[in-house]
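Every chain is numbered from 1, with letters handed out A, B, ... down the list of sequences.
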Amino acid sequence: MKILVGLSGGVDSAIAAYLLKEAGHDVTCAFMRNWDSLTNNDILGNPTLDEAICTQEQDYEDAKIVAQQLGLPLERVDYIQEYWDNVFQTFLDEYEKGRTPNPDILCNKYIKFDAFFKYAQDNGFDYLATGHYARVEHSEHSSKLLRAKDRNKDQSYFLCQISQKALQKTLFPLGELTKPQVREIAEKLNIQVAHKKDSTGICFIGERNFRQFLSNYLPAKNGKIINLENKEVIGDHKGVLYYTLGQRKGLDISAHRGPWFVVGKDIYKNELYVVKGEDNPWLFNTSCNVTDLNWFNPIDFNQTIKCTAKFRYRQPDQDVYLRKIDNKTIRVSFPQGIKAVVPGQEAVFYVGDVCLGGGIIDVIYKEDVDVRKLVEDKLK
RNA sequence: UGGGGUAUAGCCAAGCGGUAAGGCACCAGACUUUGACUCUGGCAUUUCCCUGGUUCGAAUCCAGGUACCCCAG
């Protein structure tokens with residue numbers, strides 16, 4: 001089969017490509033470039049800007065060496081415009097609304113498994129493959145996304161928004177392997193990047209001082225930090241948009257004994273609301289509405305569905321109940337209470353190893369009352 | 001200007017003659033393809049408001065200052 005592999009310059013995609021080649025496929029590699037720091041004005045909080053070779057170019061160099069070592073052709077594709085329009089614009093819009101988006105899920109949805117997928121289709125490839133840790137089970141008319149065998153590295157969470165259509169033509173060669181096994185294979189092959197550190201941070205943008213990075217696009221606007229429980233002003237924030245619910249660090253509240261955690265914000269009054277103590281009841285929610293749903297396979301919502309969910313990457317599985325609200329919204333209930341379920345973040349649903357799909361957390365509730373209303377009432 | 005009390009890190013705070021606990025904040029690292037959370041480590045030795053004194057030894061006891069607080073005027 002003719003397969004296009006997204007080669008990032010890291011170990012994972014290198015070994016993914018290697019395994020496909022070993023299996024006898026006709027493999028072509030492609031390096032994606034989706035972010036240009038200079039044209040995107042990504043100046044503040046960008047540590048690689050003054051480095052001799054920015055990490056992105058280094059990654060490309062690594063990818064070239066890997067392709068060469070594997071004896072595979074390497075193409076280079078650019079989706080800078082698409083990334084900006086579909087991923088980054090949404091990312092900024094969400095932050096502007098005071099929410100906390102997950103750009104990497106958008107990146108998979110719009111870039112890797114849409115724009116790049118189409119590229120593969122248009123160029124006569126049978127399948128697209130990446131180095132993600134996840135499994136896909138193909139059958140005649142539909143495919144299933146499954147958790148990776150390596151439960152520690154499982155990345156199905158980030159793949160929850162890709163289309164069934166793309167999934168059907170996708171392979172994840174690392175799905176049955178663990179990360180240590182992948183590194184071992186790379187070592188045996190003497191792959192250049194066998195010991196390269198796992199990448200973290202926003203995909204294609206990398207690690208940044210996040211507040212500074214955001215301030216390139218969303219200017220700082222100082223304001224008050226208020227103790228929600230007694231309405232006392234206890235500090236100053238650097239811009240309400242820069243903080244996320246559940247956040248502890250960076251509040252710089254030193255005059256009052258903490259620890260303090262963010263439980264709410266008002267983007268119009270430009271106020272941040274905090275409470276004290278890591279077990280504070282304000283930190284726990286019991287349900288949320290989820291929109292922008294993507295299901296890999298049809299779900300029968302005639303009855304309440306019991307399944308598990310993750311509200312952020314690497315969160316242990318949470319028991320939840322799903323109920324349909326309307327065609328675009330479901331209510332997710334978790335009476336046991338879960339900490340810091342954050343609007344804008346992704347809720348991803350599983351039954352056993354099968355990833356059902358996911359959606360964006362829209363409104364959070366405590367005992368079926370909108371938390372924003374609870375905060376508002378508390379401040380009266 | 002009568003009486004009483006308190007001064008220890010950015011904030012809070014233990015210590016009561018034997019060589020400066022702890023928490024918050026902050027910083028660093030780990031973890032991590034979002035943002036967070038979490039974990040580990042660092043963080044007063046020209047040191048305990050200042051100056052003297054007692055003592056082998058003082059943040060601790062004594063004397064005198066200084067600052068702030070409270071009560072009564």
Side-chain angles (χ1 to χ4, degrees), chain A residues 6 8-13 32 34-35 45 55-56 59 83 87-88 90-92 94-95 97-112 130-134 148 150 152-161 172 174 179 196-214 218 225 227 234-236 239-263 265 274-280 283-284 310-316 318 338-348 358 360-361:
Chain A
S8 68
V11 230
D12 295 332
S13 55
M32 263 175 270
N34 300 332
W35 186 255
T55 52
Q56 216 173 129
D59 287 340
Y83 189 90
V87 178
F88 205 65
T90 310
F91 171 82
L92 292 180
E94 285 284 274
Y95 264 107
K97 290 179 198 157
R99 298 167 34 124
T100 308
N102 186 324
D104 290 1
I105 286 178
L106 297 170
C107 175
N108 285 327
K109 177 176 183 167
Y110 293 110
I111 308 299
K112 291 179 189 155
T130 67
H132 283 103
Y133 287 85
D150 186 339
N152 186 47
K153 285 300 286 186
D154 172 44
Q155 290 169 325
S156 57
Y157 179 87
F158 290 102
L159 300 167
C160 69
Q161 282 287 347
F172 298 121
L174 305 186
K179 182 84 189 197
K196 187 170 170 179
K197 193 181 183 307
D198 290 12
S199 64
T200 55
I202 300 175
C203 110
F204 297 110
I205 298 178
E207 294 212 72
R208 289 281 190 284
N209 176 322
F210 198 74
R211 201 187 280 160
Q212 278 183 27
F213 172 68
L214 262 189
L218 303 169
I225 300 179
N227 178 357
I234 59 172
D236 300 299
V240 95
L241 307 180
Y242 302 158
Y243 303 84
T244 189
L245 303 192
Q247 181 164 342
R248 167 180 179 167
K249 292 289 173 185
L251 295 171
D252 218 342
I253 300 170
S254 59
H256 296 75
R257 192 178 192 150
W260 298 95
F261 293 87
V262 178
V263 285
K265 44 176 151 176
V274 298
V275 295
K276 180 166 38 174
E278 49 200 338
D279 293 319
N280 193 297
L283 260 19
F284 293 84
K310 290 185 193 299
F311 296 90
R312 49 186 166 272
Y313 181 50
R314 288 173 66 83
Q315 181 182 41
Q318 308 289 321
I338 297 174
K339 246 181 177 176
V341 175
V342 182
Q345 288 280 290
E346 198 83 11
V348 182
I360 295 177
I361 300 162

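For the pair A:Y313/A:Q155, a side-chain contact is recorded, criterion being any heavy-atom separation below 4.5 Å from C-beta on. At least one side-chain heavy atom of A:D198 sits under 4.5 Å from a side-chain heavy atom of A:K179.
Nucleotides of RNA chain B nearest to A:P259 and A:P101 differ in position, and the one nearer the 5' end is that of A:P259. Comparing A:F311 and A:S254 against RNA chain B, the residue whose closest nucleotide sits nearer the 5' end is A:S254.
A:Y242 places a side-chain N or O within donor-acceptor distance of the main-chain N or O of A:L218, the cut-off being under 3.5 Å. For the pair A:Y157 (side chain) and A:Q315 (backbone), a donor-acceptor distance under 3.5 Å is absent.
Residue A:K339 is out of contact with every strand shown, counting any heavy-atom pair closer than 4.0 Å. No contact: A:D12 has no heavy atom under 4.0 Å from any strand. Within 4.0 Å (heavy atoms only), A:Y95 reaches sugar-phosphate atoms of the nucleic acid but no base atom. Residue contacts for A:G250: at a heavy-atom cut-off of 4.0 Å it reaches the sugar-phosphate backbone alone, with no base atom in range. At a threshold of 4.0 angstrom between heavy atoms, the contacts of A:F210 are confined to the sugar-phosphate backbone, with no base atom among them. Heavy atoms of A:L106 sit nowhere under 4.0 angstrom from any nucleic acid atom. At a threshold of 4.0 angstrom between heavy atoms, the contacts of A:A255 are confined to the sugar-phosphate backbone, with no base atom among them. When heavy atoms are screened at a 4.0 angstrom cut-off, A:V342 is found touching base atoms of the nucleic acid. Within the 4.0 angstrom heavy-atom criterion, only backbone atoms of the sugar-phosphate kind lie near A:F261; the bases stay farther away.
Distance, A:H132 NE2 to B:rU34 C1': 12 Å, rounded to whole Å. Rounded to whole Å, the distance from NZ on A:K310 to C1' on B:rU32 is 14 Å. Remark: P of B:rU32 and OH of A:Y133 are 11 Å apart, rounded to the nearest angstrom. The CD-C1' distance, from A:E278 to B:rC39, rounds to 12 Å in whole Å.
Distance noted for atom C1' between B:rU1 and B:rU66: 15 Å (whole Å). On the P atoms, B:rC39 is 43 Å away from B:rC71, given to the nearest whole Å. Taking atom C1' on both B:rG4 and B:rA58, the two are 26 Å apart, rounded to the nearest angstrom. For the C1' atoms, the distance linking B:rU60 with B:rG53 amounts to 15 Å, nearest Å. Atom C1' of B:rG15 sits at a distance of 15 Å from the matching atom of B:rC61, rounded to the whole Å. Of the P atoms belonging to B:rU55 and B:rA14, the separation is 31 Å, rounded to the nearest Å. When the C1' atom is used for both B:rC48 and B:rC12, the distance is 16 Å, rounded to whole Å. Comparing the same atom, P, in B:rA21 and in B:rA9 gives a spacing of 14 Å after rounding to whole Å.
Side-chain N/O atoms of A:R248 include one lying less than 4.0 angstrom from OP1 or OP2 on B:rC24. Between A:K153 and the phosphate of B:rU33, there is a side-chain N or O to OP1/OP2 separation shorter than 4.0 Å. For the OP1/OP2 pair of B:rC37 and a distance below 4.0 Å, the side-chain nitrogens and oxygens of A:R314 include no atom meeting the criterion. For the pair A:Y313 and B:rU33, the criterion of a side-chain N or O lying under 4.0 Å from OP1 or OP2 is met.
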Checklist entry - Does the pair A:F213 and A:Y95 meet the rule for a ring pair (Phe, Tyr, Trp, His ring centres under 6.0 Å), with working shown? => result CA-CA 12 Å; A:F213 172 68; A:Y95 264 107; 9.5 Å; no
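Nucleotide B:rA14 has no partner under the Watson-Crick or G-U criteria, as no pair reaches both atom distances under 3.5 Å. With a cut-off of 3.5 Å on both pairing distances, the Watson-Crick or G-U wobble partner of B:rA67 is B:rU6. Across the strands present, B:rG52 finds its partner in B:rC62; the criterion is a Watson-Crick or G-U wobble pair with both atom distances under 3.5 angstrom. A 3.5 Å limit on both hydrogen-bonding distances identifies B:rU40 as the Watson-Crick or G-U partner of B:rA28. Under the Watson-Crick or G-U wobble criterion, with both distances below 3.5 Å, B:rA21 has no partner in any strand shown.
Only one option out of A:V263, A:N280, A:I253 pairs with A:V274 in a side-chain contact (heavy atoms from CB on, under 4.5 Å); it is A:I253. Here the options are A:D150, A:N152, A:D12, A:D154, the test is side-chain hydrogen bond (donor to acceptor under 3.5 Å, both in side chains), and the partner is A:Y133; only A:D12 passes.
With distances taken from any side-chain atom of A:R257 to the nucleotides B:rU33, B:rC12, B:rC37, the minimum falls on B:rC12. Comparing B:rU33, B:rC31, B:rC26 against the side chain of A:S199 picks out B:rU33 as the nearest. If you check B:rU32, B:rA25, B:rU33 against the side chain of A:K249, the one that comes closest is B:rA25.
Evaluation of atom-type donor-acceptor distances gives a pair under 3.5 Å for the side chain of A:Q345 against the base of B:rU34.
With its glycosidic angle within 90° of 0, B:rC37 is assigned syn.
To the nearest 0.5 Å, atoms OH (A:Y83) and NZ (A:K112) are separated by 8.5 Å.
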